[in-house]
Amino acid sequence: MSVLEVKGIKKSFGRVEVLKGLDFSLEKGEVLSIIGSSGSGKTTLLRCLNFLETADSGTIAVNGKVIFDAASVKRLKESEIRENRLHFGLVFQSFNLFPQYSALENITLAPTLLNRGTPEEIKAQATALIERVGLSDKTDSYPCQLSGGQQQRVAIARALAMNPDILCFDEPTSALDPELTGEVLKVIRDLKNAHSTMIVVTHEMEFARNVSDKVIFMSDGVIEEMGTPQEVFLSPKSPKTKSFLSKDIEAV
Amino acid sequence: MSFIEVTLFLANGFVFSLIIFAVTLICGIPLGLPIAFCSMSRFRPVRAVSKVVVWIVRGIPLMLQIFIIYYVPGLLFGNPVFSNIDRYIIGNFDIPQDGLTRLLMINAGSLVSVLIAFTINYACYFSEIYRGGIESISKGQYEAGYVLGLTKSQIFKKIVLKQVIKRIVPPMSNEIITLIKDTALANCIMIPEIIKQAKELAATRAMIWPLFYTGVFYLLFVGLLTILLGKVEKKLSYFN
Ligand SMILES: Nc1ncnc2c1ncn2[C@@H]1O[C@H](COP(=O)(O)OP(=O)(O)OP(=O)(O)O)[C@@H](O)[C@H]1O
Ligand SMILES: [Mg+2]
């Protein structure tokens, strides 16, 4: 059974249809990369998965249980939506750490407020997570004292603290100086080795090619091409994919 | 009248200034919050009503608002409550011959009307500062809270509030410093605040210098406020 099963997701903003019916699934421990040109709807898709946007039609099932059905979403209580969205974690392009809290407090805040254990347990878990992203020496630093790459690693630890089934990343390195992207990508690679299930929207083609199990190329709100990295990068079927990838090579 | 006597006489007046200052802050700071929420409400009628109220209160002079609160109950309902309170106290209590207690007793009713006018006026100014502060917090802060499964009220209390406070401290400091000087407006309905007291000396004893001497009281107090507010600002400077 797939961890994630997305069927027929559509989303419009006003008259503009941004997602035109997306279907895909993801197995446990897999990494899915989503690539595609600007405005193709990648962010909107992640936001629908995390309930920051409500899709107009379609269903989302996690571990075989339908957690979103556009046909009945209006009947869900706010608390149910909150429960459901915890199947997903989201790491933002712009980190969005809470500035008034230290790195450790950023990680412990949600588990504490949602009573996910005793204060000691929560702190121990957070300390382990901060070590996992290589920031043990920054436990008490505030976000303004951290580099972009360090902030993003704290943001990843913060998302992990709620134990999501699927962790989503929206261009996690786009806001970073080139020399800082490596440290963040390394953390994601380590997570893959620890069998985390992840969806990564990215412009880092090297990363998508080497780390993912599955690649989706999106264009104008549809999945133009989907397959293993070999299939998508080495023998793309769609002309749009070909032209996108060749532009990318030129850009490099 | 000696320098000490003048100082004490003016100090009695400054007690009125301080009472108006303290009550306006204690009542106006919390009252501004619901007004700010109404101004940001999703329901148009609520938003419209609160914007009109804020527009009126900020649009007319505070002195006029003091007159309105003081006189309107009498003009509209035939019951001048505030001056009635003054009259009742004067008629039914033993009033000391002079001193602060006397001033407080014979002006209690009028003082209440001034406190109401100041509180409403300042709450509206504060509400606009709060609104600006709340709206300046990026959507990403709320979204980061949502995806972690937090409720709206947890996000407001635990994430947004402190950031808002940090941003509103400088404009609030300005308002607070303006407030102590605005208390002089209370003398339009004969409240014996410090400038009214000085005018009294000018009228009854032909002493002009106490009028200028009142400036020292304001300056000392504003200096104290500046230090305190600077401390608050410093305390919140560990993040940005
Ligand atoms: N809240 C919104 N209201 C209206 N239009 C929106 C909204 N959010 C996104 N859009 C539009 O939807 C389209 C897809 O946006 P989206 O952010 O999902 O693209 P993207 O693939 O993530 O692009 P990028 O690579 O630049 O991040 C764009 O045309 C955008 O203008
Ligand atoms: Mg995007």
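Just so we're on the same page: letters track the sequence lines, and every chain starts at 1. The analysis underlying the following values was restricted to heavy atoms, covering all of them including side chains, and did not include hydrogens, waters or symmetry mates.
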_cation_pi(K235(B), Y238(B)) dist<6.0 Å, angle<=45_ = no
*So, do L33(B) and F126(B) sit near enough that their side-chain heavy atoms are less than 4.5 Å apart?*
no
*Interface moiety of L86(A) toward chain B, non-hydrogen atoms closer than 4.5 Å*: side chain
_Engaged part of R47(A) at the chain B interface, taking heavy atoms whose separation is under 4.5 Å_ = side chain
*Measure centre to centre between the rings of F82(B) and Y71(B), then say whether the value is under 6.0 Å.*
no
*What part of L109(A) gets closer than 4.5 Å to chain B, counting heavy atoms only: side chain, backbone, both or neither?*
side chain
*L113(A) portion near chain B, given a 4.5 angstrom heavy-atom threshold*: both
*By a 4.5 Å heavy-atom criterion (distance strictly below it), what part of F98(A) contacts chain B: side chain, backbone, both, or neither?*
both
*Identify which of P99(A), A155(A), C168(A) forms the greatest number of heavy-atom pairs closer than 4.5 Å to chain B.*
P99(A)
*Donor-acceptor pair, E175(B) side chain versus M172(B) backbone, under 3.5 Å?*
no
*Heavy-atom contact with chain B under 4.5 Å, split by part of F88(A)*: backbone
*With a 4.5 Å cut-off on heavy-atom pairs, point out which of K158(B), Q154(B), K162(B) contacts chain A the most.*
K158(B)
*Is the distance between the ring centroids of F217(B) and F14(B) less than 6.0 Å?*
yes
_K166(B) atom NZ, over 12 foreign heavy atoms within 6.0 Å_ = yes
*Could you check which of K152(B), Q163(B), E143(B) has the highest count of heavy-atom pairs closer than 4.5 Å to chain A?*
E143(B)
*Report the residue from I120(B), N121(B), V114(B) that forms a side-chain contact (heavy atoms from CB on, under 4.5 Å) with F118(B).*
V114(B)
*Option that, when pairs with chain B are counted at under 4.5 Å, heavy atom only, ranks first among V91(A), I81(A), L114(A), N50(A)*: L114(A)
